[in-house]
Amino acid sequence: IFLGSADLDALSGLVLIESVEGELGEVTDDQVAISQDTATEKGLAVGDDIEMTFARTGEQAFTVGAIFTQDGPGAEAYITSGAWEANFAERFDSSIFVKLAPSVDLETGRQALTAITDGYPGADVLDQNQFAEEAKKQINQFVGLVFALLGLTLLIGFFGILNTLLLAALSVCDAAA
């Protein structure tokens with residue numbers, strides 16, 4: 001399961017994530033919020049106890065506090081920031097979502113955020129459309145790799161058939177001579 005950490009109450013105001021059972025904003029440090037697909041796959045419901053194993057702290061008991069649906073990128077399960085810090089040695093934010101105030105236009109917000117992220121190599125400021133394009137690029141790269149491997153497979157198959165036909169022709173010629 002892809003596990004993430006977030007302020008779930010704030011996250012629901014930034015991305016399309018909705019509670020199916022339980023309340024995302026009420027998930028505590030000893031609870032986990034799980035996607036509906038994962039809950040269905042694992043047969044879990046709100047109130048069920050689950051064990052999660054962490055490299056730093058070993059096996060830890062959690063209770064399913066909420067089940068959610070989500071459109072777009074995100075984790076299959078979320079724990080609180082407090083639970084994350086208790087069970088992981090390092091905190092590394094891979095995505096930070098920012099909602100601009102209604103009075104702030106996109107370009108002004110981008111300039112302010114870029115000024116903050118300039119000191120962090122690899123940090124990119126993307127709006128929703130740019131974020132979607134980046135995701136499409138990654139998917140297209142993967143699809144391109146699959147097609148390249150498929151092409152290589154066909155090429156190897158072609159040479160295998162050609163080799164077999166040539167060997168058969170040579171053996172027929174040798175037998176005739």
Side-chain angles (χ1 to χ4, degrees), residues 1-100 109 113 117 120-154 156-157:
I1 294 177
F2 178 61
L3 181 66
S5 170
D7 177 346
L8 296 172
D9 201 27
L11 185 65
S12 62
L14 297 171
V15 297
L16 298 174
I17 184 171
E18 296 179 15
S19 291
V20 175
E21 283 185 65
E23 290 298 323
L24 289 170
E26 295 176 9
V27 172
T28 62
D29 287 349
D30 62 344
Q31 294 180 322
V32 61
I34 297 182
S35 72
Q36 187 174 27
D37 292 340
T38 302
T40 301
E41 178 185 316
K42 305 283 185 190
L44 296 170
V46 170
D48 288 351
D49 293 326
I50 61 172
E51 298 286 328
M52 287 197 261
T53 305
F54 300 93
R56 179 175 168 218
T57 59
E59 200 167 280
Q60 300 295 319
F62 284 84
T63 302
V64 176
I67 296 175
F68 63 88
T69 60
Q70 168 175 296
D71 287 334
E76 296 171 279
Y78 288 100
I79 56 177
T80 64
S81 297
W84 185 275
E85 290 171 5
N87 291 290
F88 288 94
E90 295 179 11
R91 181 177 175 145
F92 176 74
D93 295 326
S94 61
S95 297
I96 299 173
F97 296 98
V98 176
K99 184 174 185 175
L100 300 176
L113 291 169
T117 60
Y120 299 93
D124 295 320
V125 177
L126 306 173
D127 63 27
Q128 290 175 337
N129 294 331
Q130 292 169 326
F131 187 78
E133 285 300 316
E134 287 292 318
K136 284 181 191 176
K137 282 182 190 175
Q138 290 178 2
I139 292 169
N140 288 340
Q141 284 178 340
F142 178 74
V143 170
L145 174 65
V146 169
F147 279 130
L149 292 174
L150 180 60
L152 184 61
T153 302
L154 292 173
I156 290 170

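Values below: all heavy atoms of this structure, side chains included; hydrogens, waters and symmetry mates excluded.
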Assess the residue pair Thr28 and Asp30 against the criterion (side chain to side chain donor-acceptor pair (under 3.5 Å)); give the C-alpha distance rounded to whole Å, side-chain angles, the decisive distance to 0.1 Å, and a yes or no.
CA-CA 5 Å; Thr28 62; Asp30 62 344; 2.5 Å; yes
Take Gln36 and Ile67 through the test side-chain contact (heavy atoms from CB on, under 4.5 Å) and record every step on the way to the result.
CA-CA 6 Å; Gln36 187 174 27; Ile67 296 175; 4.0 Å; yes
List the steps, then state whether side-chain contact (heavy atoms from CB on, under 4.5 Å) holds for Ile1 with Lys42.
CA-CA 11 Å; Ile1 294 177; Lys42 305 283 185 190; 4.1 Å; yes
Apply side-chain contact (heavy atoms from CB on, under 4.5 Å) to the pair Asp124 and Gln130, showing each step before the final yes or no.
CA-CA 10 Å; Asp124 295 320; Gln130 292 169 326; over 6 Å; no
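Under the side-chain contact (heavy atoms from CB on, under 4.5 Å) criterion, Thr80 pairs with Val27, Asp29, Ala83, sequence neighbours left out.
Side-chain contact between Val64 and Glu21 is absent, with no heavy atoms from C-beta onward closer than 4.5 Å.
Here the closest heavy-atom approach between residue Glu85 and residue Arg56 is recorded as O-NH1, 3.0 Å. Minimum interatomic distance between Leu24 and Ala33 (heavy atoms only, all atoms of both residues): CD2-CB, 3.8 Å. The two atoms that bring Phe54 and Gln60 nearest to each other are CD1-CG, 3.7 Å, heavy atoms only. The two atoms that bring Ser81 and Ser5 nearest to each other are CA-OG, 3.3 Å, heavy atoms only. Of all non-hydrogen atoms in Thr117 and Ala123, the two that sit nearest each other are CB-CB, 4.0 Å.
To the nearest 0.5 Å, the span separating CD on Glu134 from CD1 on Ile139 amounts to 11.5 Å. Taking OG1 of Thr153 as the reference point, atom CG of Leu149 lies at 6.5 Å (rounded to 0.5 Å). Taking CG of Asn140 as the start and CZ of Phe147 as the end, the distance is 10.5 Å to the nearest 0.5 Å.
A donor-acceptor pair under 3.5 Å is absent between the side-chain atoms of Glu18 and the main chain of Thr69, judged by distance alone.
Here the rule is side chain to side chain contact (heavy atoms under 4.5 Å, CB included) with Tyr78, and of Ile34, Ile17, Val32, Leu3 only Ile17 fits it.
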